[in-house]
Amino acid sequence: MEYDFNAIEKKWQRYWVEHNTYKVTEDPSRPKYYVLDMFPYPSGAGLHVGHPLGYIASDIYARYKRLQGFNVLHPMGYDAFGLPAEQYAIQTGQHPAVTTEKNLNRYREQLDKIGLSFDWSRQVKTCDPKYYRWTQWAFIQMFHHWYDNDMQKARPIADLTAIFAREGNAAVNAANSCRRTFTAAEWNAMDEREQLTLLLDYRIAYLADTQVNWCPKLGTVLANDEVKDGLSVRGGYEVVQKEMKQWSLRISAYAQRLIDGLDGLEWSDALKEIQRNWFGRSEGAEVYFPVKGLDEKMLIFTTRADTIFGVTFMVLAPESEWVDKVTTPDRRQAVDAYLEQVRKRNERERLAETKTVSGVFSGGYAVNPFTGTEVPIWISDYVLASYGTGAIMAVPAHDSRDYAFARHFDLPIIPLIEGCDISESSFDAKEGIMTNSGFLSGKTVQEAIPAAIDEVERRGIGRRKVNYRLRDAIFSRQRYWGEPFPIYYKDGLPFTVDEKDLPITLPDIDAYRPTEQGEPPLGRAKNWTYKGFPLELCTMPGFAGSSAYYFHYMDPDNTERLVSEKAAAYWQNVDLYVGGTEHATGHLVYSRFWCKFLHDIGLVDVDEPFKKLINQGMIQGRSNFVYRIKGTNKFVSAGLKDQYDTTEIHVDVNIVQNDVLDLERFKAWMPDFADAEFILEDGRYICGWAIEKMSKSMYNVVNPDSVIARYGADTLRLYEMFLGPVEQSKPWDTAGIEGVHRFLKKLWSLCCGRGDTPAFTDEEPTEAEYRILHRTIRKIQHDIETFSFNTAVSTFMICVNDLQDLRCSKRRILEPLVIMLAPFAPHIAEEIYAAFGHDTSVTDARFPEADEKYLVENTFNYPVSFNGKTRFMLELPLGIDAKGAEEAVLAHETGQKWTEGKTIRKVIFVPKKIINIVVN
RNA sequence: GCCCUGGUGGUGGAAUUGGUAGACACGCGGGACUUAAAAUCCCGUGAUCAGUGAUGAUUGUGCGGGUUCAAGUCCCGCCCGGGGUACCA
């Protein structure tokens, strides 16, 4: 019987659908396991061979867990709101929902062919009102909560207004952007409008004037993680800083919890580090500096309080509110000119000019609280308004930026560390002995930092302070294709829609562009009102819908809640999450924040959404080239190209095999090449190659459908895993695929026979055969648990090669092997499993257990020569300790099997299992 | 600049975490079967040197040192690639 993968795969894919094989329900009698993939944005291009890598890996793990008796939740859905569909809509006038639906069906078709074990009955689409009502609902909750820094959790706004009415806001330790202090009496005297305006500064979802990343080309604002090097991540368009009234999420309130939560997660250290850097915790102090001629004191933030004796000037951010207060009349003109110059620069110019120093003297002076010295106050854009207090004390001797500034404007530099050389650059290292520093002199820097802060606190001129780099997430997008805000405006103040009126569905509009008045596209909608009041015109950003979708999979049909208490209690959180690193500072931060918020308001017990995370690597393309001799239509093989003057041309990798060009298909590929001539080497045309991004323009896109048509889904799955570690980025090279395909054919002929070869038998296996099997079980189990799927495939290959050498077609060996293979190659496994006489799916089988009896290796030794002596390494069975090892050595010695004419001089016990014996 | 990562044959990659480096696979070379091809199977394959030969010797995990009976793996100092971040005080 031939291995007819096409028929087999079709048959079993139909079987799985008909039998609802992958449908899961809560089953308290079994332990749960939740395996999740980052859901895809269905683009028009469909899947290429790189996309399923993570899906295959997670599918293997999900199927493995199922074989171990876990009740596995393994759902899939679509991140369907987003820019590309909208831009396509702008160009064509077609509703984004239509294109999205089309793309999504194409994705589904491709995914189905790979044999993934998703429970599609739980599908979640972010653009579905049934789902996005919960995104809107969460936003309403964020609007009605504030963050209590003392309790480190979100609390209802009603608690806050009660506190305000009782004692004002002075003593409230809340995450806020309020610049005003008021008493209870003042609060109670305010009208509702004033109170609501103030509360916006405390809400977790709040509306405020903020400096935002505005992308004129996309016509929308972007979050920090959507901007890189001053350009939009999507499209690469210019981004400028602009002040706008925008919705934001007070994610910065959660900074410390987001940092602390990382410790308990099984994520790669690299990824945790990326997030830690993004949150950017830094410990230091806030210190008040008196300002000459003013009663108010200027607050600065520093991590180097120990260097306060070296302050020779102060610097304000251009946007700082202090600029106006300290600028003297004679400096006004110069300051205004500088501010204007700063305003005009866009983000990219700013980044490009980080090395050039610019600034202006304000005319004002501050007083060093420790030395009493008056120091000038400067204004420069190297100080950021959005970090710390927007003002710094400059210590040019020990900060490279202050140093550059001081050198440029010829300001004094006072060294504070014994023996440091500051002739060329500042001495930034936190080491050495302090000098010129009053009471700090003689201390090491490490001692001086806390000592200085203690003194600041003792004098009451400042306090310890931790700052975070993490900014609040800007949540408004001036776009159509996203979740509408459940917000309406009354007299310009925002109010939330009643929860019972959710979802607020996206209205149809006639065009997807901004209105003539420059309003977002929703400005075109007719009757875009709620109870007669205008609704918000912005929509939510891409990350809104992806921040809690994993909870809705647990309970997808629930119309009362995002997830029921029962389902949430059973499924808890995601045990294994698989996806790319590109979401490290976006989706993976927002989801963690969102989950913590839902936890705070009591919706879910868990505080972290994703326990274990695997980042699959990117699959790059492997491009092929042909070399056309200039001015001709003659192509020269890669090995001979140096002899001619040639042009390198990308050639479709689908007409090249193992770098050998299919000449006929090449001629048919493009009209230009129909009459091409070739200069061959060894009778073949060899193409050049390079690793590049997989893209249409480089003709290196391989799509899974063509691979499946040729080799089958099982081969594709095995090969994607065999290519290398899941986490690693690697090029797709179809060259090696024959190897894994051959392996499946070998397995097939062992089990089902080939030609006149007999199929499996029910004979009792030999000891040697059992040893092969159990060694394989142990290894495969280890490989799967450590995500070494590439070595797992090798392990299968070795096992089948060994069985083939023994001509072993015994069912008692092959059946456990096939069950183990089922997660990797489910279709062939089902077919063989059925051939063994089972009438249930292999999904219901149990993963075999390794029998220790067959794992104990015989004692053996290897001669190794070293420095003229012969050294024997003796490997002992598992579980033998040093004492047992000694006995084994003695036994071995008396056995005299290997010591012919030699005596043991010394026995060295090295690790647990291995003993080195030196003989002469 | 700072913070992560990684560097092993012609290629993708193994190495039980300090124990015969190069598993497995591709590619390549040789052979069997075949009129032939495909398919399948067998043998060889890091480099250099010696030998008719089985084989032996030397060398070998980016570079230079070190620890160890033993280093791809640990330590110190460099070089190169990939990713993150960038006036974050």
Side-chain angles (χ1 to χ4, degrees), chain A residues 2 228-229 268-278 280-282 284 300-304 307 315 317 350-351 353-357 380-384 386-395 398-402 404-405 428 467-471 581-582 584-585 615 617-618 622 658-659 689 718-719 722-725 727-740 742-743 745-746 749 754-755 757 778-779 782 786 788 790-799 801 804 861-867 869 871 873-875 878 906 908 910-911 913-918:
Chain A
E2 274 298 306
K228 216 190 144 191
D229 301 326
S268 72
D269 291 339
L271 193 76
K272 287 186 187 180
E273 209 49 39
I274 291 173
Q275 287 208 346
R276 282 197 195 97
N277 290 338
W278 186 256
R281 180 191 157 96
S282 67
I300 59 97
F301 174 74
T302 179
T303 54
R304 293 294 302 273
T307 61
V315 187
R350 228 182 97 118
L351 286 169
E353 287 170 19
T354 51
K355 275 163 212 98
T356 57
V357 177
S380 172
D381 66 353
Y382 84 87
V383 174
L384 303 176
S386 50
Y387 184 77
T389 62
I392 61 153
M393 63 177 211
V395 185
H398 303 294
D399 182 284
S400 52
R401 296 152 305 184
D402 298 345
F405 196 81
D428 292 9
N467 261 327
Y468 301 91
R469 214 190 64 120
L470 180 67
R471 303 289 149 78
T581 357
E582 66 272 20
T585 55
N615 285 120
M618 288 232 292
R622 188 178 188 277
N658 295 342
D659 291 337
W689 60 272
L718 281 173
Y719 187 56
F722 186 68
L723 224 41
E727 291 98 325
Q728 195 174 300
S729 284
K730 59 241 160 185
W732 175 266
D733 180 1
T734 313
I737 199 165
E738 298 282 351
V740 291
R742 219 166 273 156
F743 154 74
K745 284 201 270 190
K746 276 186 212 169
S749 57
R754 179 170 51 84
T757 330
R778 188 178 58 173
K779 184 73 173 27
H782 179 262
T786 57
S788 309
N790 56 330
T791 52
V793 177
S794 295
T795 307
F796 282 121
M797 288 178 176
I798 294 166
C799 180
N801 284 344
Q804 198 171 45
N861 53 55
Y862 314 103
V864 180
S865 83
F866 169 78
N867 283 357
K869 293 176 205 158
R871 182 176 303 276
M873 282 178 19
L874 181 68
E875 192 168 322
L878 290 163
K906 189 174 143 200
I908 307 155
V910 199
K913 274 165 47 184
I914 310 273
I915 302 165
N916 282 6
I917 303 156
V918 183

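Convention: sequence-line order gives letters A, B, ...; per-chain numbering from 1. Everything quoted here is computed from the prediction, not taken from an experiment.
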Gap in Å between the two C1' atoms, one belonging to B:A70 and one to B:G12, rounded: 30 Å
Same-atom distance (C1') from B:U8 to B:G1, integer angstrom: 31 Å
Between B:A38 (P) and A:Glu2 (CD): distance, integer Å: 17 Å
Exercise: identify the closest heavy-atom pair between A:Ser282 and A:Phe301: O-CZ, 3.8 Å
Test item: A:Glu273 and A:Arg276 side chains (from C-beta on) under 4.5 Å apart, heavy atoms: yes
Spacing of the P atoms in B:A71 and B:A32 (rounded, Å): 45 Å
Distance in Å, A:Glu727 CD paired with A:Ser268 OG, rounded so as to fall on 0.5 Å steps: 8.0 Å
B:A38 versus B:G31 - spacing of their P atoms, nearest Å: 14 Å
Closest contact, heavy atoms only, A:Gly736 versus A:Tyr719: N-OH, 3.4 Å
Listed nucleotide nearest any side-chain atom of A:Thr302, set B:U85, B:A89, B:C24: B:A89
Protein-nucleotide distance (A:Asp402, atom CG; B:G1, atom P), rounded to Å: 21 Å
Torsion-based syn/anti label for B:G27, 90° from 0 as limit: anti
Selected nucleotide, minimal atom distance to A:Ala270 side chain, candidates B:A86, B:C4, B:C87: B:C4
Touch class at under 4.0 angstrom, heavy-atom based, for A:Lys272 against every strand present: nothing
Most 5' of A:Lys746 and A:Gly736 on RNA chain B, judged by nearest nucleotide: A:Gly736
A:Asp269, CG: over 12 other non-hydrogen atoms inside 6.0 angstrom: no
Chi-based syn or anti call at B:U17, which uses purine or pyrimidine torsion atoms and a 90° bound: syn
Between B:G60 and B:G72 - C1' atom distance, rounded Å: 11 Å
Short side-chain N/O contact to B:A89 OP1/OP2 from A:Tyr382, under 4.0 Å: no
Proximity to the side chain of A:Ser282 - top-ranked nucleotide from B:A86, B:C4, B:A89: B:A89
Between B:U16 (P) and A:Ile798 (CD1): distance, integer Å: 14 Å
Heavy-atom closest contact (A:Ala584 atom, A:Leu271 atom, distance): CB-CD1, 3.4 Å
Separation of B:C42 C1' from A:Gln804 CD (nearest whole Å): 11 Å
Non-hydrogen atoms of A:Ala394 and A:Val315 that approach each other most closely: CB-CG2, 4.3 Å
Rounded distance in Å - CZ (A:Arg471) to C1' (B:A86): 12 Å
Nucleotide pairing, RNA chain B (Watson-Crick or G-U, distances under 3.5 Å), in dot-bracket with [ ] and |: (((((((..(((......[....)))((((((.......))))))(((((....)))))..(((((..]....))))))))))))....
Candidates B:U85, B:U40, B:A89 - which lies nearest the side chain of A:Arg742: B:U40
Gap in Å between the two C1' atoms, one belonging to B:U40 and one to B:G46, rounded: 29 Å
Exercise: identify the closest heavy-atom pair between A:Trp732 and A:Arg622: O-CB, 3.2 Å
Distance between P atoms of B:G64 and B:A25 (Å, rounded): 34 Å
Minimum heavy-atom distance A:Arg304-A:His398, with the two atoms named: NH1-O, 4.4 Å
Length of the CG-P vector between A:Asp399 and B:G1, whole Å: 18 Å
cation_pi(A:Arg469, A:Trp278) dist<6.0 Å, angle<=45: yes
B/S/- contact track for nucleotides 6-14 of chain B, protein heavy atom under 4.0 Å: ------BSS
Gap in Å between the two C1' atoms, one belonging to B:G30 and one to B:G62, rounded: 35 Å
Nearest-angstrom distance from the residue atom CG of A:Leu271 to C1' of B:C3: 14 Å
Nearest-angstrom distance from the residue atom CH2 of A:Trp278 to C1' of B:U85: 9 Å
Selection from B:C24, B:A89, B:U40 that lies nearest to any side-chain heavy atom of A:Lys745: B:U40
Chi angles and distances behind the side-chain contact (heavy atoms from CB on, under 4.5 Å) call for A:Ile392, A:Asp402: CA-CA 10 Å; A:Ile392 61 153; A:Asp402 298 345; 3.6 Å; yes
First of A:Thr795 and A:Asn277 reached from the 5' end of RNA chain B, by closest nucleotide: A:Asn277
Closest listed nucleotide, where the reference is the side chain of A:Thr585 and the choices are B:A89, B:U85, B:C24: B:U85
Closest to the A:Tyr387 side chain, choosing from B:C26, B:A89, B:G84: B:A89
Side chains of A:Asn801 and A:Lys746 in contact at under 4.5 Å (non-hydrogen atoms): yes
